[in-house]
Amino acid sequence: MIKRLLEADKKLVLKFALSLFLTVFLTIMFFSLQAYAANNSQSTESADSQSVSETAELPEYLDTDPENVGDSPTASILQQVIGVDASQPLEIIILLTIIALLPSLLIMMTCFTRIVIVLSFLRTAMQTQNTPPNMVITGMALFLTLFIMAPVFSEMNEIAYQPYVNEELTTEEALNAASVPLKRFMVKQTSNDDIMFFVGLSQLEEPEGGYTEEYINNDMPLTVIVPSFMISELKRAFQMGFMIFIPFLIIDLVVGSTLMSMGMMMLPPAMISMPFKILIFVLADGWNLLIGAVVSSYNW
């Protein structure tokens with residue numbers, strides 16, 4: 001069977017063997033480093049305390065003393081920098097899961113989605129296939145997102161991150177403070193109907209004063225605001241996409257009817273209309289109009 005597999009696809013077998021070898025090698029190296037760190041900590045503990053005090057004090061990020069950092073010497077740097085004990089597999093799994101989901105959460109909680117959809121609608125309406133390519137559209141959407149979200153990120157830095165770095169706030173307090181500007185931004189872009197729709201689905205208990213603006217901005221959970229914001233962003237993006245399609249649809253109708261009247265039924269109308277679409281879009285300064293409309297569509 002292995003011989004047949006080698007004959008069928010040698011590259012696949014070589015890639016599998018190489019990946020297996022790298023996995024085993026990295027595993028062995030990891031456990032070797034753990035054993036070396038454990039032995040190093042034991043030798044450090046058995047040294048004379050007087051000679052240690054005479055030497056220069058190590059920086060905090062190199063201090064592997066279990067009394068200062070944690071019970072496990074292998075957890076010293078990670079635990080001191082980000083508060084994660086590297087000797088606990090569950091904490092590492094949780095940290096990696098958060099890191100993996102963080103880009104998706106940030107994309108869905110910012111204006112990235114609307115901008116990508118609008119630019120994709122523009123490309124489809126112009127029938128330029130893969131021009132501009134996906135990488136260009138994603139890059140434009142990313143930097144436009146940073147441009148639009150700059151005031152929000154600046155406020156989050158002032159009220160949450162800087163106090164947390166200065167040890168004025170705990171981690172939980174910093175996260176709660178950072179969520180307030182983000183909530184305020186998302187609520188401004190979300191319709192009340194969408195918020196009430198997800199409030200009904202979540203079966204939240206109505207507060208004493210009702211769903212006031214202050215309650216929604218400060219106390220409404222993110223589990224309700226985020227899906228409401230996503231639905232509103234999709235609605236607004238499709239509305240803008242419809243408005244983008246109208247002028248290009250008119251060009252298609254004019255070109256198609258002209259070709260039919262001239263008897264050129266075998267000539268594809270898209271091949272004739274696409275240059276006219278590009279020409280009109282460039283002459284009308286379409287990029288400035290489109291980007292200006294997208295930026296101005298957000299409520300500050």
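No hydrogens, no waters, no symmetry mates; every other heavy atom, side chains included, goes into these values.
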Which pair of heavy atoms, one from [X] and one from [Y], lies closest together, and at what distance?
X	Y	result
N157	Y161	OD1-CD2, 3.3 Å
E155	R184	OE2-NH1, 3.1 Å
A174	A160	O-CB, 3.4 Å
M274	T128	SD-CA, 4.1 Å
S296	A293	OG-O, 3.2 Å
S228	I195	OG-CA, 3.6 Å

When clusters are formed by joining ILVMFWY residues with side-chain heavy atoms under 4.5 Å apart, either directly or through shared neighbours, do [X] and [Y] land in the same one?
X	Y	answer
F143	V118	yes
L289	L144	no
I159	L175	no
M156	F147	yes
I250	F281	no

Pairs meeting criterion side-chain hydrogen bond (donor to acceptor under 3.5 Å, both in side chains) with involvement of [range], two or more places apart:
range	result
residues 106-116	R114-E233, R114-S297, R114-Y298
residues 116-125	R123-N134
residues 259-273	D252-S273

Heavy-atom check, side chain of [X] versus side chain of [Y], under 4.5 Å:
X	Y	answer
L201	F198	yes
L222	M186	yes
M126	T131	no
I225	T190	no
I115	I291	no
M220	V187	no
W287	V282	no

Just how far is it from atom [atom1] of [X] to atom [atom2] of [Y], taken to the nearest 0.5 Å?
X	Y	atom1	atom2	result
I107	L142	CD1	CG	8.0 Å
L290	M243	CG	CE	12.5 Å
L122	K277	CG	NZ	10.5 Å
T145	F112	OG1	CZ	6.0 Å
I137	L119	CD1	CG	6.0 Å
S202	F197	OG	CZ	10.5 Å

Kindly check if the number of other-residue, nucleotide or ligand heavy atoms within 6.0 Å of [atom1] ([X]) is above 12?
X	atom1	answer
M135	CE	no
F245	CZ	yes
E168	CD	yes
N166	CG	yes
N176	CG	yes

Problem - Ring centres under 6.0 angstrom apart (F121, F242) - result: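 Not under 6.0 Å, so no.
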Practice task
Without swapping roles, check the side chain of Q189 against the backbone of F185 for a donor-acceptor pair under 3.5 Å.
Solution key: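 Yes.
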Practice task
Could you pull out all residues at least two apart from S191 that satisfy side-chain hydrogen bond (donor to acceptor under 3.5 Å, both in side chains)?
Solution key: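 Residues passing side-chain hydrogen bond (donor to acceptor under 3.5 Å, both in side chains) with S191: D194.
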Practice task
Name all residues meeting the salt bridge (Lys or Arg N to Asp or Glu O under 4.0 Å) criterion together with K183; count only those two or more places apart in sequence or in a different chain, and write none if there are none.
Solution key: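 So K183 forms no salt bridge (Lys or Arg N to Asp or Glu O under 4.0 Å) with any residue.
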Problem - side-chain contact (heavy atoms from CB on, under 4.5 Å) involving I272 - partner list, sequence neighbours excluded - result: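 For I272, the residues satisfying side-chain contact (heavy atoms from CB on, under 4.5 Å) (neighbours in sequence not counted) are V255, L259, L267, F276.
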